Amino acid sequence: MKGYIGYLVAPRVGGNHMTHAVWKQRRLRLFIVSLFTICLLAGFMQPESTFAATTSQHANTKGISWPENQELPTFAQPNHLDVIDLEHETGEMSMLLATLQGIVNRERPRIYLIEHMVDDGKYTWLQETGVPYKMYQDPWQLINKYKKELKGIIIYDPNVPDTINAATTLAGLRTGIVAHPDLVAKLTTPPLKLPILEDLRGRFTGKLDVINWQMTNLWPQTTHRMLIGLDPMTGIMVPEDNWKDFQVIAEETREIMDSSNRKVYDLDVSKFLGNEAVYLRFEDAFQIGGWGAAVHQVTVKADGKVIAQFIPCTDAEEQYVFDHGRSACKYDPKNQHRFADGKRYFVYRFAPPAGTKQLIVSVDMWNQYKVSASSVRPRVTSDTRVPYGYLRDYAVANKAMVFWLSSKLSDEAQLLDEIASKVEPETPYLGWFDSEADGVRIMSNHSVYVIAADWFSNLTVHSGIQRPIQAPKVPATPPLENKIYVTFVMSEGDNFQYNEHHMRMLWNDPNRGKVPITWSTSPLLMEGSPLILNYYQRTATPNDVLVTGPSGMGYFYPSQWPREELATYFEHSKQYLKKTGLDTVYALDVQQDISPFVAQTYNQSMGIQGLFFNASSQGKTSVIEGLPVSIQIRDTTREKILERIKQNAANWDGKSPLFLSVQLVAWDSTPSDVVYFTQQLGSNFVTVRGDHFFQLFRQANGLPPTR
């Protein structure tokens with residue numbers, strides 16, 4: 001393929017979507033070739049114990065290694081890292097440095113960026129690497145150090161945000177860095193004197209124009225071994241004191257999740273009159289578990305006269321939205337509404353006529369609402385959007401095309417579907433979507449799996465830090481009794497940035513290890529970050545077990561994956577599970593119940609212990625086509641989860657074991673919660689690890705063990 005000078009092994013050819021027959025033939029040819037090149041490919045085929053020895057040979061090389069039988073590329077082992085903290089830098093500078101990082105780290109990782117939004121501490125993984133490093137305070141000093149490795153700059157158009165993604169693609173192809181126009185003068189004059197490689201200003205009218213241009217001019221030059229989907233900009237971080245002047249005027253004190261409290265609430269905000277406007281903030285009264293404020297219609301009357309009336313998520317609403325606050329829309333023709341779950345929110349701004357004495361805001365609203373008001377304009381709004389770095393280093397280093405398309409809007413979803421159709425089966429899509437369900441479905445339809453990684457930091461460094469991949473020793477399975485066996489499964493394991501940050505924070509909970517917990521994680525960390533996977537394996541207690549996160553090698557919907565490709569994908573996934581020591585899978589699907597075909601294919605092609613599948617208010621563990629499948633119990637708060645477990649166990653007859661699995665949303669639950677559940681359940685309940693759960697279930701149902 002064009003544009004891959006410097007790679008140790010040529011990447012697989014991109015182009016049109018291959019038929020199943022051609023794909024199978026390609027695999028057969030590779031197998032035949034591998035018989036003659038077994039030494040070269042031995043690293044992929046060797047057992048776990050030799051993985052560290054194999055990867056250590058790569059430590060002295062330069063460039064990127066990406067064999068055909070490897071899902072993600074391996075970078076060279078870093079010897080020294082130049083580190084800079086970007087907490088107080090602009091989004092424009094963060095993006096520039098991320099693209100610089102991609103160029104520099106392509107040969108050998110040498111730049112490490114400390115970026116925002118981390119739960120685990122700024123220096124946690126940097127110190128874990130053991131690589132010597134030097135801190136830099138001035139980003140321009142770092143740019144000057146590596147200017148000789150750059151061929152120039154690519155200028156994006158701030159008026160067309162999607163040119164940020166096109167510029168990122170060009171940066172990888174033309175060995176440049178992405179620059180905001182305001183930075184051009186300093187970049188092109190001494191001491192840097194970098195030439196302008198491409199100026200994208202004034203050339204495009206909008207998103208589709210940019211992406212179609214990329215498809216025509218850049219796609220043929222990029223790798224087709226991965227797709228990168230990144231929103232070109234993100235909302236700024238809002239300080240906690242931004243809402244200090246707001247007063248709560250209405251709040252649901254009950255945990256309502258069925259819209260039973262829906263009505264039109266007349267909110268009198270007259271006491272907030274007197275300044276330029278009144279601000280109204282809607283949020284979730286119970287931020288664990290969702291079901292926050294939902295609003296269908298708003299009518300504003302000033303002294304009895306209607307001055308505003310709209311249905312949320314329409315053009316009519318937009319003029320009144322001060323801050324979307326990552327709220328979401330439900331586009332139901334009969335009941336369209338905006339909602340704010342968890343820590344999300346939205347803020348309206350209403351400016352009544354001068355001299356208004358009474359201002360009434362009537363809101364058709366339900367669920368766990370919390371409404372506050374202020375006459376003081378908040379200092380900032382999260383709708384102020386800025387560029388960002390994060391995964392861009394990886395895209396630049398690998399010469400991937402970067403784009404962002406809605407999976408909900410028909411014209412954009414159609415183009416997203418077209419792009420997915422142009423890559424081979426089992427291609428990873430790294431990044432995220434505006435709608436998880438729609439995006440994952442589109443990718444699954446084309447045998448493309450998803451790695452949530454848009455906020456992963458330093459993937460070009462993590463992919464070069466080699467560590468042994470060795471599953472912890474499995475403790476003995478407890479004896480089977482007539483008990484209610486419960487296992488608690490942490491969600492989100494497919495999510496690379498969760499593995500990097502939030503999971504590490506949960507892992508540090510002092511109550512971890514006191515009771516059994518099933519942790520989902522990604523087997524692809526063995527290539528994306530051996531450091532992270534090794535850490536969790538190495539520090540796991542006997543009560544911690546790692547299982548594969550949704551829904552195999554990567555995140556996909558089994559019911560949407562082409563049937564003729566499913567067995568091949570599972571067979572490939574099995575190799576990754578074997579190497580990482582994971583023998584249990586946690587899967588998600590848009591279909592609530594697993595089909596016999598999918599269960600049979602999981603069982604025959606992967607040989608797993610069992611499958612945790614989806615979640616519902618009613619849990620059930622059964623045998624489907626020879627495979628133990630457990631529908632997980634799920635609810636919101638501690639009390640409701642505990643109540644749901646007891647409800648599902650209420651009809652237990654005590655004559656044979658009952659098996660219940662519980663899905664814990666990792667963003668809302670902690671190991672301390674699992675300790676609480678275990679303490680509250682009676683003597684008839686036994687909390688077990690996920691692998692023991694299925695081993696005991698197999699024993700109780702006369703199924704052979706998989707080990």
Side-chain angles (χ1 to χ4, degrees), residues 440 444 449 477 480 483-491 493-494 516 518-521 523 545-561 563 566-567 569-571 573-574 577 582-635 644-645 647-649 651-652 656-664 686-707:
V440 176
S444 297
Y449 64 85
T477 306
L480 180 65
K483 297 284 187 178
I484 303 170
Y485 288 98
V486 182
T487 190
F488 295 92
V489 184
M490 282 287 185
S491 69
D494 61 293
T518 302
W519 301 85
S520 62
T521 192
V545 61
L546 299 175
V547 302
T548 299
S551 292
M553 189 165 59
Y555 183 18
F556 75 105
Y557 293 143
S559 67
Q560 306 300 300
W561 199 271
R563 290 170 67 99
L566 194 59
Y569 178 69
F570 281 164
E571 288 164 4
S573 294
K574 181 179 181 180
L577 268 64
L582 307 175
D583 59 9
T584 302
V585 173
Y586 162 32
L588 294 177
D589 205 336
V590 288
Q591 291 189 4
Q592 183 58 39
D593 296 320
I594 189 169
S595 72
F597 170 77
V598 170
Q600 182 182 59
T601 310
Y602 263 117
N603 194 38
Q604 293 180 351
S605 300
M606 291 188 72
I608 54 178
Q609 292 262 19
L611 185 73
F612 297 112
F613 187 79
N614 279 354
S616 174
S617 60
Q618 299 298 316
K620 179 183 179 181
T621 306
S622 59
V623 181
I624 303 176
E625 297 295 323
L627 177 70
V629 177
S630 185
I631 304 296
Q632 301 170 101
I633 300 167
R634 178 180 177 179
D635 220 305
R644 192 69 68 188
I645 295 171
Q647 287 175 350
N648 277 265
N651 295 324
W652 179 57
S656 60
L658 178 66
F659 294 84
L660 301 174
S661 62
V662 181
Q663 181 197 84
L664 297 179
V686 179
T687 301
V688 293
R689 297 163 34 128
D691 52 350
H692 288 168
F693 179 88
F694 282 120
Q695 289 166 12
L696 290 167
F697 179 83
R698 283 177 172 273
Q699 186 178 343
N701 288 272
L703 297 176
T706 58
R707 292 184 181 275

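Just so we're clear, the structure is a prediction, and the values are computed from it rather than from any experiment. Residue indices begin at 1 and follow the sequence shown.
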Worksheet item: Which is it for L577 and V585 under the side-chain contact (heavy atoms from CB on, under 4.5 Å) test, yes or no, and what are the steps along the way?
Response: CA-CA 9 Å; L577 268 64; V585 173; 3.9 Å; yes
Closest contact, heavy atoms only, [X] versus [Y]:
X: F613; Y: I594; answer: CE2-N, 3.4 Å
X: S630; Y: S661; answer: OG-OG, 2.6 Å
X: I624; Y: P596; answer: CG2-CA, 4.2 Å
X: L627; Y: G610; answer: CD1-CA, 4.2 Å
X: I633; Y: S617; answer: CG2-O, 4.3 Å

Rounded to the nearest 0.5 Å, how far does [atom2] of [Y] lie from [atom1] of [X]?
X: L582; Y: S573; atom1: CG; atom2: OG; result: 11.5 Å
X: Q618; Y: L660; atom1: CD; atom2: CG; result: 10.0 Å
X: S616; Y: R634; atom1: OG; atom2: CZ; result: 11.0 Å
X: K574; Y: T548; atom1: NZ; atom2: OG1; result: 13.0 Å
X: D635; Y: L664; atom1: CG; atom2: CG; result: 11.0 Å
X: M606; Y: L611; atom1: CE; atom2: CG; result: 9.0 Å

Listed pairs under 3.5 Å, donor-acceptor, residues 550-561 side chains, sequence neighbours left out:
from, atom 1, to, atom 2, distance (Å)
S551, OG, F556, O, 2.9
S551, OG, L588, N, 3.0
S551, OG, L588, O, 3.2
Y555, OH, E436, OE2, 2.6
Y555, OH, Y557, OH, 3.2
S559, OG, D589, OD1, 2.7
S559, OG, D589, OD2, 3.2

Practice prompt. Consider only side-chain N and O atoms of R698 and Q695, and report whether a donor and an acceptor are under 3.5 Å apart.
Written response: no
Strictly distance-based, threshold 3.5 Å: is any side-chain N or O of [X] a donor or acceptor partner for the main-chain N or O of [Y]?
X: N614; Y: Q591; answer: yes
X: S605; Y: E571; answer: no
X: T487; Y: V688; answer: yes
X: N648; Y: G619; answer: yes

Do the side chains of [Y] and [X] get nearer than 4.5 Å, heavy atoms only?
X: L703; Y: P628; result: yes
X: T584; Y: I608; result: no
X: D691; Y: V547; result: no
X: Q592; Y: I631; result: yes
X: I645; Y: I484; result: no

Fill in: Sole residue of W519, F694, Y586, F488 in ring pair (Phe, Tyr, Trp, His ring centres under 6.0 Å) with F612
F694
Worksheet item: How are the rings of F697 and F659 set relative to one another: parallel (under 30°), tilted (30 to 60°) or perpendicular (over 60°)?
Response: perpendicular
Discussion item. The test is side-chain contact (heavy atoms from CB on, under 4.5 Å); show your working for F597 and L566 and say whether it passes.
Written reply: CA-CA 10 Å; F597 170 77; L566 194 59; 3.8 Å; yes
Worksheet entry | Where at least one partner belongs to residues 593-603, residue pairs that pass side-chain hydrogen bond (donor to acceptor under 3.5 Å, both in side chains), sequence neighbours excluded | none
